[in-house]
Amino acid sequence: MDYKEAYEKEHIKCADLAERVAELEEKNEELNFKINRIKTNPIWKMSAPFRKAMHYLIRQRNRLKNCGNLRGIWAKIKYKEREREAMERYGTASFPNEERRRREEEAVFPHMVKFSILVPLYNTPKEYLTAMLDSVIAQTYQNWELCLADGSDVGHADGSDIGHADGSDSGHAYVGEICREYQKADRERCGGRERIIYQKLERNEGISGNTNRCLALATGEYIGLFDHDDILHPSVLYEYAKAINEQGADYLYCDETTFKNNDIDKMLTMHFKPDYAIDNLRANNYICHFSVFHRHLLDGSELFRTKYDGSQDHDMILRLTDKAKKVVHVPKLMYYWRSHAGSVASGIQAKTYAVDAAKGAVADHLRNHGYTHFKITSTRAFETIFKISYQIIGNPKISIVIANKDHEPDLRRCITSIMEKSTYDNYEIIIVENNSETPEIQKYYEELRENERIKIITYQGVFNYSAVNNLGVKEAEGEYILLLNNDTQVITVNWMEELLMYAQREDVGAAGAKLYYGDKTIQHAGVVLGLGAHRTAGHSHYMQHRENLGYMGRLCYAQNVSAVTGACLMVSKELFEKAGGLDESFAISLNDVDFCIKLREMGYLNVFTPFAELYHYESVSRGLDDQGEKAARYNEESARFREKWKEVLEKGDPYYNPNFSLDRSDFSLKVV
């Protein structure tokens with residue numbers, strides 16, 4: 001359930017309660033008198049804002065039950081406030097003024113690419129149709145054509161409903177009439193050049209068939225897919241032409257929003273997307289609108305395949321981005337997706353067959369990539385947001401490397417949880433002992449040495465997280481390395497399998513888990529480059545509650561990230577060594593992020609999965625880095641990290657939209 005649905009349900013509850021109060025007031029004059037005295041009291045009036053806030057918090061507490069605390073609820077309220085404020089900047093206020101429009105219209109690119117925008121029409125309401133047409137006419141970049149294939153039912157020429165024998169709708173002759181009017185007006189405006197191509201179809205072939213008929217009309221190099229009831233930002237084709245010329249893009253998409261009541265300024269949800277991320281796309285069609293691509297990507301194949309009607313766009317995007325040489329995300333909100341009864345934007349309940357179609361499209365894509373015996377299931381976020389379970393090949397040995405100094409209770413809890421909860425059985429545990437002093441830990445070590453799965457080795461010298469773990473990896477017998485902090489505790493029994501299924505993939509470098517503090521708030525759900533006060537790296541969704549869905553459901557599916565924390569990180573031993581292990585110049589902090597960036601620069605993907613869950617009682621072992629010598633050390637390592645990865649940081653994190661603030665971890669938009 002999303003925020004809007006939850007809010008509406010709470011609103012209905014409040015309305016029902018208000019009706020009950022009204023009934024009681026009518027039945028009891030004395031009660032009415034007392035209530036009126038209270039309501040007319042100046043103190044009661046002055047306290048209204050406080051009472052509203054209090055009642056809202058109580059409702060949220062009851063709704064969330066065990067899903068968060070007051071701080072989390074307050075954070076969510078503030079987030080929605082910032083989002084509402086930001087919405088004012090992304091609607092018509094973002095449209096080009098007269099000067100900007102003139103510049104964009106007069107811009108000349110080395111390649112003045114021609115766009116063919118495909119719009120399948122079917123019984124489109126008049127106001128939606130004209131709004132869609134107007135948004136194309138208003139484009140600042142002028143080299144386009146609009147290809148319209150009309151499968152609408154047609155009644156009398158006056159638009160009256162003559163009815164069909166089968167009871168189907170009719171009376172939509174106005175669709176063709178309006179299109180021809182726009183066609184004529186644009187032809188006159190362009191000195192006789194035909195930019196609006198309209199064809200009335202003999203029969204409705206469904207969204208896939210009708211779109212393919214649009215494609216047959218197209219003569220442009222680049223094809224754009226546009227729904228008949230949506231709206232384009234006036235500058236979107238200009239931005240796409242710019243990206244094609246500057247970056248060689250052959251597949252492009254932008255950020256988008258849903259809106260209601262025929263007013264794009266009345267937004268429901270804004271979706272600011274990551275750059276191309278294949279694991280995200282397999283789990284969730286986050287690319288969606290406004291997809292534009294070079295026609296050579298079709299290579300004679302169908303644009304939409306009718307067997308995937310309902311999720312034909314997801315199927316198409318998976319196929320074409322596979323073939324694309326350069327997928328470019330334009331990180332600007334430039335597509336306005338109308339939400340109304342019957343649209344997919346209004347809820348998957350409107351088109352339940354889309355779920356099966358989406359699973360089929362993803363399955364076909366996975367088979368084309370050589371995967372077999374996988375499983376695709378819906379997640380708690382949404383029916384068409386998926387968990388993909390890959391087959392684990394063989395039974396490779398996993399070497400779990402744990403650095404430790406004293407802290408016998410923490411290590412015992414960690415080891416015990418691994419031994420008692422893990423369903424994967426081919427593993428060894430390598431404890432790298434470093435300068436422990438307490439008799440309790442020495443006694444526990446003696447206990448552990450009796451277990452043939454466990455090896456205890458010693459690192460001599462001052463603590464250096466990178467060096468300690470590098471030594472542990474050298475002693476590892478396993479094909480896969482699992483770096484694990486001693487202050488963690490296993491939650492999900494198949495945590496190793498969930499990590500291994502990604503670490504085994506040839507295109508994946510590191511795989512990381514979802515980690516929680518003891519109060520069930522999130523400690524780690526992927527690392528964002530540049531996030532935080534030091535502008536080095538920070539954890540997304542930090543301190544949100546375990547049950548939260550995350551931004552656009554991102555806490556509910558496996559996805560590509562720039563880095564994962566070394567507190568629980570799996571990588572093949574071969575890749576660990578190929579990347580040079582952990583950089584020992586980062587003795588305490590940022591060594592895991594540095595390692596993941598090295599993997600990324602080598603061409604590998606890093607993956608965060610929410611399906612491997614552990615507690616991480618962070619800093620229990622070594623304390624925080626916010627005071628004295630530790631703070632100075634962290635500042636020094638941060639400065640060195642920023643220098644080493646200066647160019648990477650300047651480009652920004654590809655999986656974190658540049659419209660988001662780097663001062664917060666909750667995907668808040670920048671405050672302008």
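Judged purely by distance below 3.5 Å, without hydrogens or angles, the side chains of Tyr444 and Asn404 never pair a donor atom with an acceptor atom. Side-chain polar atoms of Thr458 and Glu433 form no donor-acceptor pair below 3.5 angstrom. Donor-acceptor pairing under 3.5 Å is lacking for the side chains of Asp322 and Asn368. With no hydrogens or angles considered, no side-chain donor-acceptor pair links Gln559 and Tyr655 at under 3.5 Å. Neither side chain, Tyr480 nor Tyr427, offers a donor N or O lying under 3.5 Å from an acceptor on the other. When only modelled atom types and interatomic distance are considered, His329 and Asp255 share a side-chain donor-acceptor pair under 3.5 Å. No side-chain donor-acceptor contact under 3.5 Å links Tyr615 and Asp487. With no hydrogens or angles considered, a side-chain donor-acceptor pair links Ser389 and Lys387 at under 3.5 Å.
A pairwise comparison of heavy atoms in Ala537 and Val527 identifies CB-CG1, 3.6 Å as the closest pair. Of all heavy-atom pairs spanning Leu515 and Cys568, the tightest one is CD2-CB, 4.2 Å. Scanning all heavy atoms of the two residues, the minimum distance from Cys556 to Thr379 falls at O-CG2, 3.4 Å. Considering every non-hydrogen atom in both Arg642 and Leu649, the closest pair reads CA-CD1, 3.8 Å. Closest of all the heavy-atom pairs between Leu529 and Ser562 is CG-CB, 3.7 Å. Of all the heavy atoms in Asn280 and Asn560, the pair that sits closest is OD1-N, 2.9 Å.
At a threshold of 4.5 Å between non-hydrogen side-chain atoms, the residues Leu549 and Leu555 do not count as touching.
Rounding to the nearest 0.5 Å places CE of Met543 at 6.5 Å from OH of Tyr517. We find the CZ-OG1 distance between Arg546 and Thr521 to be 11.5 Å, quoted to the nearest 0.5 Å. In this structure, the separation between CD1 on Ile415 and CG on Asn451 is 9.0 Å, given to the nearest 0.5 Å. Taken to the nearest 0.5 Å, the CD1 atom of Ile287 stands 10.0 Å off from the CG atom of Asp275.
The residues Lys514 and Glu498 are annotated as not salt-bridged, no charged nitrogen and carboxylate oxygen being separated by less than 4.0 angstrom. Taking a cutoff of 4.0 Å between a charged side-chain nitrogen and a carboxylate oxygen, Asp583 and Lys644 qualify as a salt bridge. At a threshold of 4.0 Å, the pair Lys359-Asp364 does not count as salt-bridged, since none of the basic side-chain nitrogens sits closer than that to a carboxylate oxygen. The residues Lys273 and Glu256 are annotated as salt-bridged, a charged nitrogen and a carboxylate oxygen being separated by less than 4.0 angstrom. A salt bridge between Glu447 and Lys443 is absent, with no side-chain N of the basic residue lying under 4.0 Å from a carboxylate O of the acidic one. Using a cut-off of 4.0 Å between Lys/Arg side-chain N and Asp/Glu carboxylate O, Arg505 and Asp279 are scored as salt-bridged.
For His534 and Tyr634, the gap between ring centers is short of 6.0 Å. Between Tyr390 and Tyr502, a ring centre-to-centre spacing shorter than 6.0 Å is recorded.
Looking at residues two or more places apart in sequence or on another chain, you find a salt bridge (charged side-chain N to carboxylate O under 4.0 Å, His left out) between Glu408 and Arg412.
Relative orientation of the Tyr656 and Phe660 rings is tilted, given thresholds of 30° and 60° on the angle between their planes. By the 30° and 60° cut-offs, the orientation of the rings of Phe576 relative to Phe595 is tilted. Ring-plane geometry between Tyr542 and His539 is classed as perpendicular, the angle between the planes exceeding 60 degrees on a 0 to 90 degree scale with a lower cut at 30.
Environment of CD in Glu574: sparse, with no more than 12 heavy atoms of neighbouring residues, nucleotides or ligands closer than 6.0 Å. For Glu650, the CD atom counts as densely surrounded, since its 6.0 Å shell holds more than 12 non-hydrogen atoms of other residues, nucleotides or ligands. Around NZ of Lys455, the count of heavy atoms belonging to other residues, nucleotides or ligands within 6.0 Å exceeds 12.
Tested against Tyr516 for a side chain to side chain donor-acceptor pair (under 3.5 Å), the candidates His545, Glu613, His616, Gln489 yield a single pass: Glu613.
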Task: Trace of the side chain to side chain donor-acceptor pair (under 3.5 Å) decision for Tyr424 with Asn395 - done: CA-CA 9 Å; Tyr424 195 81; Asn395 187 39; 3.2 Å; yes
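The closest donor-acceptor contact from the side chain of Asn284 to the backbone of Ile385 lies at 3.5 Å or more, if one exists at all. Side chain of Lys573 to backbone of Glu477: no donor-acceptor contact under 3.5 angstrom is found.
A cation-pi arrangement is present between Arg413 and Tyr617, with the terminal nitrogen or guanidinium carbon under 6.0 Å from the aromatic centre and inside a 45° cone about the axis.
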